[in-house]
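One structure is given below, encoded as structure tokens.
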Number of protein chains: 2
Amino acid sequence: MTEPDAKKAAAPKAGTASKAGAAPKRRRADAERNVSALLAAAKKVFDTSGVDAPAKQITDLAGLGVGTLYRHFPLRSDLVKAVVQSNIDACAAAGPRLAAAHEPADALAAWLRAYTELLGTKRGLASALHSGDPAYEALPGYFLDTLTPTLTALLDAGVAAGTVRDDIAAPDLIHAIANLCLAVPGADPDGPYGFAHSRRMVDLLIDGLRTG
Amino acid sequence: MTEPDAKKAAAPKAGTASKAGAAPKRRRADAERNVSALLAAAKKVFDTSGVDAPAKQITDLAGLGVGTLYRHFPLRSDLVKAVVQSNIDACAAAGPRLAAAHEPADALAAWLRAYTELLGTKRGLASALHSGDPAYEALPGYFLDTLTPTLTALLDAGVAAGTVRDDIAAPDLIHAIANLCLAVPGADPDGPYGFAHSRRMVDLLIDGLRTG
DNA sequence: GAGTGAAGCGGAAACCTTTTCCGCTTCACT
DNA sequence: AGTGAAGCGGAAAAGGTTTCCGCTTCACTC
């Protein structure tokens, strides 16, 4: 959901297209397919080879030419941004699903762990965020804007059920966990300050969230 | 070149300078001078143009050829590493100087602020640490190893003078401040979660360190 | 001082990626 | 089928890093 595509463009004829705001420009079906393929390939390649993997690797995996990549993502950072946003979106989407499947407090815990996992496993993506590149400046905001509603819903459900304390705000939690996962940069992921450590701290935090 | 040979070689022969059975390899004076020039130039260029600045910019500023750069720093990451270490060393060296010039508690506060400044201003360097590149894996350890003794001395002096609480360990403080300075990646440095915010949090922490 | 072996230097060239460009293909709509 | 534009592939340009090697300069000896 990172594309400005208005699914099912409502204006089939709309002769007066050149009107205020959004352009009713339709995208060709193959182009849309290619963008998805590129995004999927990039996600896979970033996971296995890091965010600095050559573009060629991605286009090869997607079975497309480099030109196609750069048509849809003019700057390399655009691709990274799209992948990050897609990850965030997926994380946000998991909220309602978990809420439907578990007790409120459990759903909350599960979601926070998923969020932790996202931050902890996409090391390359996280580092891109920290690169200082102006291209990524908007991402933290997107992060917060997208996840806050989801987390707020989970928290509220827990509070309503009386199993989650009511004095914690979603953005604070999002920040706190992000900080915990960033703890020590180059540390061994399984070492004293690595990802395992972060996970433990988050579990602690989750326990603290429950009432009783 | 173009440098006035200010000094003459000191050690004629018999490498008595060798320590711990290391190889008595002598380095040519001009080479040593060039390494310093390169390091100074890199520091300046990294500050103004970021860690991704082209190598040419650095060698031009140093008045040397690219070949010379790559002779001394075979990988780009070697240069970054060297600059970071040099920054850390400078920070550590400031400890005794501050201790001699101020009351123990004030010296401690001043040093912690300098440390904060180091973390907060060298954005590019910090991001390099977070890049996940294996080349930088050893740096956090160097960080801790180099700064811990300095900070421990400052803390101890304060404790001895009775003006600093005695239940805080140096490494914990180093970690805590590092975390505070990393708060939110792409945020505006002067915004709600930017560097100014980090500085405020650190000041709070410093106040908490004093007794009474 | 000159002589000499080797460390060190400069910068062109090789090598890689990213980004641009453009002729050809494919789609969407008649 | 016909048509015009969106979209595609991949070669080439642009830009950066790393290697290579002939020449220079140093350190040290006689």
What pairs with Asp156(A) under salt bridge (charged side-chain N to carboxylate O under 4.0 Å, His left out), at least two apart in sequence or on another chain? none
How is the base pairing of DNA chain C summarised as a dot-bracket string, given the Watson-Crick and G-U wobble criteria with both distances under 3.5 Å, [ ] for crossing and | for another strand? ||||||||||||||||||||||||||||||
List for me each residue that meets side-chain hydrogen bond (donor to acceptor under 3.5 Å, both in side chains) alongside Arg97(A), sequence neighbours excluded, and say none if there are none. none
Going 5' to 3' along nucleotides 7-19 of chain D, which nucleotides have protein heavy atoms under 4.0 Å from the base (write B), which only from the sugar-phosphate (write S), and which from neither (write -)? SBBB------SBB
Summary of side-chain hydrogen bond (donor to acceptor under 3.5 Å, both in side chains) pairs that have at least one residue in residues 77-86 of chain B, sequence neighbours excluded: Lys43(B)-Ser86(B)
Asp52(A): what forms a salt bridge (charged side-chain N to carboxylate O under 4.0 Å, His left out) with it, not counting sequence neighbours? none
Please list, chain by chain and in numerical order, all residues satisfying salt bridge (charged side-chain N to carboxylate O under 4.0 Å, His left out) with Lys44(B), sequence neighbours excluded. none
Does anything in residues 78-86 of chain B come within less than 4.0 Å of DNA chain C? Heavy atoms only, and list the residues if so. none
Sequence neighbours excluded, the answer for side-chain hydrogen bond (donor to acceptor under 3.5 Å, both in side chains) partners of Ser49(A) is Gln57(A)
Can you name the salt bridge (charged side-chain N to carboxylate O under 4.0 Å, His left out) partners of Asp145(A), sequence neighbours left out? none
Name all residues meeting the side-chain hydrogen bond (donor to acceptor under 3.5 Å, both in side chains) criterion together with Arg71(B); count only those two or more places apart in sequence or in a different chain, and write none if there are none. none
Using the ring-ring contact (aromatic ring centres under 6.0 Å, His included) criterion, which residues pair with Tyr115(A)? Sequence neighbours excluded. Trp111(A)
Report the C-alpha separation of Leu151(B) and Leu112(B) in whole Å, then their side-chain angles, then the decisive distance to 0.1 Å, and conclude whether the side-chain contact (heavy atoms from CB on, under 4.5 Å) test is met. CA-CA 8 Å; Leu151(B) 180 52; Leu112(B) 289 177; 4.0 Å; yes
